[in-house]
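One structure below.
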Amino acid sequence: MNLEPPPLPPKKPLALPVIMAFVPSALALLLFSFTIPKAQLTQLCIAAAVVSVICCAVSSIMLFKRNTTAAIIFGILLALLNLAVSAGLGCAALLVQ
């Protein structure tokens, strides 16, 4: 009989999903800090909104896979933040036209 406990699974790094979660906010701040012609600004807003949705989904999934309550709550909060950022970028793209 083996009384030794099973080995713990290796800890997954938390830095990558957190960095990916804040990329859309950084893109939005960077996008509106430069003077850009309206036609290009509309295209950049749409591209940044798409990147925001992708980063939101990937980072939240990576956090959900950790199966801890704190990571899941953090993933939901980051998803809501990034969805708000992408909605803001989409509205900015409509207003710029």
Side-chain angles (χ1 to χ4, degrees):
M1 228 170 114
N2 190 1
L3 297 176
E4 196 174 302
L8 294 173
K11 284 198 167 192
K12 297 174 187 169
L14 188 61
L16 182 63
V18 171
I19 290 171
M20 281 186 68
F22 287 106
V23 165
S25 299
L27 278 175
L29 290 173
L30 186 68
L31 185 65
F32 294 115
S33 65
F34 296 112
T35 305
I36 302 171
K38 283 188 176 185
Q40 288 180 342
L41 185 61
T42 303
Q43 293 171 352
L44 289 174
C45 283
I46 293 171
V50 170
V51 168
S52 177
V53 170
I54 291 170
C55 285
C56 164
V58 171
S59 66
S60 294
I61 288 170
M62 289 173 74
L63 286 170
F64 292 157
K65 284 185 177 183
R66 294 179 67 89
N67 287 333
T68 61
T69 305
I72 291 173
I73 291 171
F74 194 59
I76 291 170
L77 290 175
L78 287 174
L80 292 174
L81 170 75
N82 286 338
L83 289 175
V85 168
S86 62
L89 289 168
C91 291
L94 288 175
L95 290 174
V96 169
Q97 288 182 350

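The first residue in the sequence is number 1, and the count goes up from there.
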> What is the distance from atom CE of Met62 to atom NZ of Lys65, rounded to the nearest 0.5 Å?
Replying inline: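 Nearest 0.5 Å value for the CE-NZ distance: 8.5 Å.
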In terms of hydrophobic clustering (I, L, V, M, F, W, Y; side-chain heavy atoms under 4.5 Å; direct or indirect links), are [X] and [Y] co-clustered?
| X | Y | value |
| --- | --- | --- |
| Leu83 | Ile54 | no |
| Val58 | Leu16 | yes |
| Leu30 | Leu41 | yes |
| Leu80 | Val53 | no |

> Would you find a donor on one side and an acceptor on the other, under 3.5 Å apart, between the side chain of Ser60 and the backbone of Cys56?
Replying inline: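 Yes, Ser60 side chain to Cys56 backbone: donor-acceptor pair under 3.5 Å.
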